[in-house]
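Encoded as structure tokens, the structure appears first; notes follow it.
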Amino acid sequence: MATPAASRVLFSEAIAVDNGFGGVYGTQKADWMVDVVQQFFHDNADLQRGEVEDFLSDIMNQEFNTVVEDGSLPQLCDALLQMFSQWQQGALQTLRNTIDSLSQKKSERAKVTAPPPQSDEDEEDEEPQVMECEPSAPSVSRKADPPEEEDGWTVVKKK
């Protein structure tokens with residue numbers, strides 16, 4: 001088994017924060033979140049999904065002003081618990097493969113490309129063009145501006 005410090009770094013790769021939540025200090029909050037989630041797993045023995053879900057829900061609510069109601073937290077918690085179990089058992093290659101598959105899924109998101117620019121002369125004779133999108137793996141669709149509740153909290157709901 002790799003040294004505990006080196007393998008602990010590997011587990012921290014499993015804890016990802018993406019999508020730009022958190023405002024101006026989003027990157028710092030993301031780094032902080034990785035640290036506190038990792039510490040939560042290391043400080044608590046035999047965690048259950050509900051405990052992890054409550055912990056992550058509190059962080060999202062308090063630090064990112066986001067209430068997650070789309071059903072994704074149980075899936076995330078199951079994945080984190082699985083990867084932490086792999087780390088605890090010393091199955092570091094399995095953990096690395098799991099993380100790599102998550103990274104691959106992240107890179108398979110839809111890639112949008114704009115059509116080539118046209119001169120003013122071309123636009124007179126042709127109909128407007130639509131931006132083309134390359135097909136990719138299924139992904140979650142998001143609205144540009146999530147709904148805001150009156151109290152200022154963002155609510156994420158399953159469609």
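Keep in mind that the numbers below use all heavy atoms, side chains included, and drop hydrogens, waters and symmetry copies. Treat the numbers as computed from the prediction; the structure is a model and nothing was measured.
Side-chain atoms of Q39 and D43 form a donor-acceptor pair, as typed in the model, at a separation below 3.5 Å.
Using a 4.5 Å cut-off on side-chain heavy atoms (C-beta onward), V52 and D54 make no contact. Contact check for F55 versus V37: side-chain heavy atoms found under the 4.5 Å cut-off. In this structure, I59 and W32 have side chains that are in contact, with non-hydrogen atoms separated by less than 4.5 Å. With a 4.5 Å cut-off on side-chain heavy atoms, E53 and V68 do not count as touching. Side-chain contact between T98 and Q86: present, with at least one pair of heavy atoms (C-beta onward) separated by less than 4.5 Å.
Atoms CD and CG, on Q88 and L95 in that order, are 11.5 Å from each other to the nearest 0.5 Å. Between atom CG of residue L56 and atom CD of residue E51 there is a gap of 12.0 Å, rounded to the nearest 0.5 Å. A distance of 11.0 Å separates CG in N97 from CG in L92, rounded to the nearest 0.5 Å.
Checked against ring pair (Phe, Tyr, Trp, His ring centres under 6.0 Å), F84 has the following partners two or more places apart in sequence or in another chain: F11, F41, H42, W87.
Side chain of N61 to main chain of S57: no donor-acceptor pair is present (N/O by atom type, distance under 3.5 Å, no hydrogens or angles). With E63 contributing its side chain and M60 its backbone, the two residues share no donor-acceptor pair below 3.5 Å. Panel note: side chain S85, backbone L81; no donor-acceptor pair is recorded below 3.5 Å.
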Enumerate, atom names and distances included, each donor-acceptor pair closer than 3.5 Å involving a side-chain atom of residues 71-79, sequence neighbours excluded.
from, atom 1, to, atom 2, distance (Å)
S72, OG, D70, OD1, 2.6
S72, OG, D70, OD2, 3.4
D78, OD1, R49, NE, 3.3

